[in-house]
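Along the sequence shown, residues are numbered consecutively beginning with 1. Note: hydrogens, waters and symmetry copies are ignored here, and every other heavy atom, side chains too, is used.
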Amino acid sequence: MPNTQQAAKRGRQSEKRKLASKARKTAIKTATKAVTKAVAEKNTTDAAEAFKVMQARLDKAAKSSTIHRNKAARRKSRIQKRINKIAAS
């Protein structure tokens, strides 16, 4: 139980932020799975479209500090490499 009004408010804010962050992270995982599935099936067009969605989700999460901007860049880079690999073959 919080001892002050300020502590109670911080608790409420923290809970709200935690739920928003969890939603963003879940959306990133879902988008990443869609890209990975398309890459596994060697479907370049679906992979490219799913990558756009994933990229947007990663950028929004990085912008709001849900994940670090370098982590977002690293994930985008690694997936893009895989898409380029199947596009070349």
Side-chain angles (χ1 to χ4, degrees):
M1 196 69 198
N3 290 328
T4 63
Q5 191 176 14
Q6 178 185 7
K9 182 176 179 179
R10 296 292 284 170
R12 290 193 304 271
Q13 288 175 331
S14 175
E15 189 62 32
K16 224 173 158 180
R17 288 185 182 117
K18 183 176 83 173
L19 291 173
S21 291
K22 188 172 178 69
R24 281 188 210 102
K25 286 181 181 183
T26 304
I28 290 169
K29 286 178 189 172
T30 305
T32 305
K33 284 178 188 176
V35 176
T36 307
K37 183 180 176 191
V39 169
E41 294 171 353
K42 299 188 188 297
N43 191 338
T44 329
T45 53
D46 284 353
E49 285 180 26
F51 180 71
K52 283 183 185 177
V53 174
M54 187 192 92
Q55 190 174 13
R57 300 228 192 278
L58 283 168
D59 288 338
K60 283 183 182 180
K63 182 180 175 184
S64 64
S65 298
T66 301
I67 61 172
H68 196 276
R69 66 181 187 277
N70 291 354
K71 182 175 185 176
R74 183 176 65 242
R75 286 190 178 187
K76 289 188 290 187
S77 174
R78 287 179 181 171
I79 293 288
Q80 187 65 59
K81 278 184 193 174
R82 292 170 68 188
I83 292 171
N84 291 345
K85 198 175 188 179
I86 63 163
S89 60

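- Using a 4.5 Å heavy-atom cutoff, the side chains of I28 and T66 are not in contact.
- Distance check, rounded to the nearest 0.5 Å: CD1 of I79 to CZ of R75 gives 9.0 Å.
- Atom NZ of K29 sits about 14.5 Å away from atom CZ of R57, to the nearest 0.5 Å.
- Surrounding CD of Q5 are at most 12 heavy atoms belonging to other residues, nucleotides or ligands under 6.0 Å away.
- Taking CD1 of I83 as the start and CZ of R78 as the end, the distance is 15.0 Å to the nearest 0.5 Å.
- Under the 4.5 Å side-chain heavy-atom criterion for Ile, Leu, Val, Met, Phe, Trp and Tyr, I67 and F51 are members of the same hydrophobic cluster.
- T36 places a side-chain N or O within donor-acceptor distance of the main-chain N or O of T32, the cut-off being under 3.5 Å.
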### Task
Tell me, with the steps shown, if K37 and D46 meet salt bridge (Lys or Arg N to Asp or Glu O under 4.0 Å).
CA-CA 9 Å; K37 183 180 176 191; D46 284 353; over 6 Å; no
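- Side-chain contact between L58 and Q55 is absent, with no heavy-atom pair separated by less than 4.5 Å.
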### Task
Go through K18 and E15 one step at a time and tell me if the salt bridge (Lys or Arg N to Asp or Glu O under 4.0 Å) criterion holds.
CA-CA 5 Å; K18 183 176 83 173; E15 189 62 32; 3.6 Å; yes
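- Separating the CZ atom in R17 from the CG atom in L19 is a distance of 12.0 Å, to the nearest 0.5 Å.
- Residue K60 qualifies as open at atom NZ: its count of foreign heavy atoms under 6.0 Å is 12 or below.
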